[in-house]
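Report on the structure given below.
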Amino acid sequence: MERFRWRHGCEEIREKDGKKDKGEYWHWGFEFLTLCFCFGSGGQLATTPAVKARLLSAALFIAGGSDHVVLVAPYEVVEPLVKYMAPLKNLETEYPIIDPSFRKFCASHGIFSVEDFLIHDLYMLAAFAEQDISSERLKEGITQVLSIIDDMHQPWWNGMELLEDAKRNKHVLPTGIQGIDLLLGGGIHIGQLTELVGPSSSGKTQVCLQTASNVASNHMVLYIDTSNSFSPERIAYFLGKIIDVASAQAKNQILQKVMSNILCHSVFDIFAMFDVLHQLESHLRYQDAGGCQMRLLIVDSISLLISPVLGSSSTQGRALMLSAGYLLKKLAHQHNLAVLVINHTVGGEGGCSKPALGDSWKSIPHSRLFLSCVRGSNDYNALILKHPSMASGKAARFVI
Ligand SMILES: Nc1ncnc2c1ncn2[C@@H]1O[C@H](COP(=O)(O)OP(=O)(O)OP(=O)(O)O)[C@@H](O)[C@H]1O
């Protein structure tokens with residue numbers, strides 16, 4: 001088998017083996033894949049040169065030392081596969097319980113990788129472990145592998161659990177913009193992804209800034225700024241409109257608190273955004289339950305990051321786009337964040353503008369609001385394009 005192949009996406013694999021279509025891509029991959037690496041989109045797109053060099057040398061090292069192909073692909077696309085297909089041996093450094101004697105026990109039952117675990121009868125395995133003299137350690141090992149598998153999945157929740165979670169955690173966050181809050185029944189939903197879409201100067205960024213200033217009085221906010229549009233002065237201005245205290249000192253204290261609750265990250269490509277989101281994920285996992293909680297994540301704008309990777313043969317760009325959407329929704333749901341993203345518009349049929357990023361992205365946001373500037377006035381219009389509990393077509397005017 002070929003030692004090392006450079007892959008740019010499904011097309012090349014299909015070209016090589018005409019029988020395999022896109023749907024069979026990963027299935028085929030399971031037969032030989034050893035490891036997958038993050039390389040941006042087919043190695044053409046940005047990740048830092050130092051990271052690329054490290055990954056490439058690691059890939060060559062592994063390819064040279066085995067009879068397997070190493071596939072180089074965007075990490076976000078293949079992350080679950082990396083862990084599922086990991087030979088148990090590879091997990092020992094991180095999880096010492098998966099030691100040689102545990103692996104020997106697994107091997108005696110035909111289990112060599114995490115993937116093997118998934119297809120094995122675990123009750124039988126646990127029963128065999130019970131009979132072993134080191135049964136406690138073996139059972140601990142089984143539990144460890146199961147928890148690795150669990151970490152890779154959204155947990156399965158039944159309807160009752162979802163309802164409880166919604167009642168306890170998934171409230172709305174007021175944007176502080178009266179028209180929008182009334183339209184949305186109080187504000188944007190925690191645990192969901194809300195998209196603001198609209199042409200240039202339709203008020204998207206201003207809505208984000210005002211929402212950030214409103215939410216940051218009580219919660220932490222992360223603002224991912226992709227076009228240098230974050231403006232602390234504007235936040236201070238919006239805050240000034242709602243602070244209802246007389247003394248300048250008290251005003252200043254509120255301003256300081258709000259400003260320090262807003263973290264702004266400038267990112268200019270989708271990989272930098274993935275970095276920030278992964279950092280956020282680990283931060284949220286260990287965030288102090290008693291402290292000021294992160295509740296709002298803004299991406300202004302998501303389309304500026306995704307559009308450049310959606311080329312004409314957009315297999316990988318599309319995969320990155322869907323991974324970004326999946327990650328944002330996962331963060332929203334698991335950590336009770338309201339996620340607010342901006343999308344721009346493109347020309348649609350009959351000269352009407354429509355949301356950019358196409359049909360694949362369309363299903364990602366829970367709610368979509370179309371913003372527009374009302375001609376001849378300082379007012380703006382918000383129209384519901386999509387909402388989980390409201391009819392689309394409802395609209396409201398608002399001022400900034
Ligand atoms: N610093 C500011 N001070 C006063 N008004 C502003 C300021 N920034 C923007 N505006 C007003 O808000 C309007 C909407 O701007 P905004 O940046 O929210 O548009 P947008 O929909 O995000 O546009 P784009 O897609 O081009 O970024 C602008 O037309 C302008 O009138």
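In each ligand, atom 1 is the first atom listed, and ligand 1 is the first ligand listed. Heavy atoms only: backbone and side chains are in, while hydrogens, waters and symmetry mates are out.
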Inset, instruction - Salt-bridge test for Glu195 and Lys386: reply yes if a basic N is under 4.0 Å from a carboxylate O, no otherwise. - result: no
Legend entry - Heavy atom of the protein closest to atom 7 (C) of ligand 1 (residue, atom name, distance): Arg234 NE, 3.7 Å
Inset, instruction - Check whether any side-chain heavy atom of His219 lies under 4.5 Å from a side-chain heavy atom of Leu296, and answer yes or no. - result: no
Inset, instruction - If you have a sec, work out which protein heavy atom is nearest atom 25 (O) of ligand 1 and how many Å separate them, to one decimal? - result: Lys204 NZ, 2.8 Å
Inset, instruction - Identify whether the distance between the nearest side-chain nitrogen and carboxylate oxygen of Arg137 and Glu140 falls below 4.0 Å. - result: no
Inset, instruction - Write out the residue and atom name of the closest protein heavy atom to atom 27 (O) of ligand 1, then the distance separating them to 0.1 Å. - result: Thr205 OG1, 4.1 Å
Inset, instruction - Please state which part of Ser229 comes within less than 4.0 Å of ligand 1, counting heavy atoms only: side chain, backbone, both or neither. - result: neither
Legend entry - Leu91-Leu146 co-clustered via ILVMFWY side chain contacts under 4.5 Å: yes
Legend entry - Test item, Ser202 contacting ligand 1 (heavy atom, 4.0 angstrom): yes
Legend entry - Within-cut-off N or O pair, Gly203 and ligand 1, under 3.5 Å: yes
Legend entry - Interfacing atoms of ligand 1 (cut-off 4.0 Å, heavy-atom, Tyr380): 12 (O), 13 (C), 14 (C)
Legend entry - Validation row: Phe370, Thr345 side chains within 4.5 angstrom (heavy atoms): yes
Legend entry - Closest approach of any protein heavy atom to atom 9 (C) of ligand 1, naming residue and atom: Gln206 NE2, 3.2 Å
Legend entry - Joint hydrophobic cluster, Leu369 plus Val399, side-chain heavy atoms closer than 4.5 Å: no
Legend entry - Test item, Cys208 contacting ligand 1 (heavy atom, 4.0 angstrom): no
Inset, instruction - Using a 4.5 Å cut-off on heavy atoms from C-beta on, say whether the side chain of Asp300 contacts that of Lys204. - result: no
Inset, instruction - Would you indicate whether the side-chain heavy atoms of Leu320 and Ile306 approach each other to under 4.5 Å? - result: no
Inset, instruction - Considering only protein heavy atoms, determine whether one is less than 4.0 Å from atom 30 (C) of ligand 1. - result: no
Inset, instruction - Considering the heavy atoms of Pro199, write down every atom of ligand 1 situated less than 4.0 Å from one of them. - result: 21 (O)
Inset, instruction - Within a distance under 4.0 Å of any heavy atom of Ser200, pick out the atoms of ligand 1 and give their elements. - result: 23 (O), 24 (P), 25 (O), 26 (O)
Inset, instruction - Using a 4.5 Å cut-off on heavy atoms from C-beta on, say whether the side chain of Leu284 contacts that of Leu337. - result: yes
Inset, instruction - Do me a favour and list the nearest non-hydrogen protein atom to atom 19 (O) of ligand 1 with residue, atom name and distance? - result: Ser201 CA, 3.3 Å
